[in-house]
Amino acid sequence: MLHGPFAKGTRVSVTPVGQDTFESTIVDLVDTVTYADETSFGDTKLLFRHTLTPVEGGTQVTHRLEISGPSAAEVGPELGPQISGDFDTSMAKLFEQARVLANGG
């Protein structure tokens, strides 16, 4: 859920399937090129970046998760796969919503 316009600096509430809601902040946004948001858990920062590349017949979306902070090397190997494990399902739902909205819906 967006807490304001879809723009840099806006907070976003995210509720992964079966997990608690957390808040992120949009830190980078270039229409039809890239979207990135950042979440902080204590001294650990998670940067989610989604890059859109036009390809024949559609758009390729590349997802990247960067984990930083003093404990990143310790928590990253476990936290990364836990977080990115549901990207396929989450992104499929997001893309379906985008298709519905793009078709007037």
Side-chain angles (χ1 to χ4, degrees):
M1 168 192 272
L2 282 171
H3 299 282
F6 188 56
K8 191 174 175 180
T10 297
R11 290 182 357 266
V12 180
S13 293
V14 179
T15 308
V17 175
Q19 298 179 33
D20 293 333
T21 299
F22 64 89
E23 284 201 356
S24 293
T25 302
I26 298 172
V27 295
D28 189 19
L29 180 62
V30 178
D31 194 30
T32 72
V33 176
T34 190
Y35 163 79
D37 62 71
E38 186 175 81
T39 303
S40 293
F41 292 106
D43 66 353
T44 302
K45 292 188 185 238
L46 307 174
L47 176 67
F48 297 88
R49 180 171 302 281
H50 312 280
T51 303
L52 309 168
T53 307
V55 295
E56 186 175 332
T59 302
Q60 176 181 314
V61 182
T62 303
H63 310 286
R64 180 181 174 107
L65 169 60
E66 297 175 22
I67 301 173
S68 62
S71 59
E74 181 182 319
V75 300
E78 182 178 339
L79 190 59
Q82 287 176 351
I83 291 170
S84 61
D86 71 345
F87 268 15
D88 289 344
T89 302
S90 298
M91 291 299 109
K93 290 178 183 178
L94 178 63
F95 296 151
E96 180 56 31
Q97 290 176 350
R99 274 191 289 276
V100 168
L101 291 173
N103 290 322

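Only heavy atoms go into these numbers, but all of them, side chains included; no hydrogens, no water, no symmetry mates. In this chain, numbering begins with 1 at the start of the sequence shown.
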*Within 6.0 angstrom of D43 CG, more than 12 heavy atoms from elsewhere*: yes
*Count the heavy atoms belonging to other residues, nucleotides or ligands that lie under 6.0 Å from CD of E74, then report whether that count exceeds 12.*
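No, not enclosed.
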*Residues in side chain to side chain contact (heavy atoms under 4.5 Å, CB included) with F22, at least two apart?*
V14, P16, S24, T39, F41
*Is there a donor-acceptor contact under 3.5 Å from the side chain of T34 to the main chain of H50?*
yes
*Is L2 linked to Y35 within one hydrophobic cluster, defined over Ile, Leu, Val, Met, Phe, Trp and Tyr using a side-chain heavy-atom separation of less than 4.5 Å?*
yes
*Inter-residue atom distance D37.CG - R49.CZ, 0.5 Å rounding*: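 Reported to 0.5 Å precision, the distance equals 10.0 Å.
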*Atom CD1 of I26 and atom NZ of K8: how far apart are they, to the nearest 0.5 Å?*
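Answer for the CD1-NZ pair, I26 versus K8, is 11.0 Å.
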Please find the pair of heavy atoms, one from [X] and one from [Y], that lie closest to each other, and give the distance.
{"X": "L47", "Y": "A36", "answer": "CD1-CB, 4.2 Å"}
{"X": "P81", "Y": "G76", "answer": "CD-O, 3.8 Å"}
{"X": "A72", "Y": "P77", "answer": "O-CD, 4.1 Å"}
{"X": "L65", "Y": "F48", "answer": "CD1-CE2, 3.7 Å"}
{"X": "S71", "Y": "T44", "answer": "OG-OG1, 2.9 Å"}

_Stepwise side chain to side chain contact (heavy atoms under 4.5 Å, CB included) check, V33 with L52_ = CA-CA 5 Å; V33 176; L52 309 168; 5.9 Å; no
*Would you say the side chains of S13 and T21 form a donor-acceptor pair under 3.5 Å?*
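No - no donor-acceptor pair under 3.5 Å links their side chains.
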*Is there side-chain contact between L46 and L79, with at least one heavy-atom pair below 4.5 Å?*
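In short, these two side chains touch, coming nearer than 4.5 Å.
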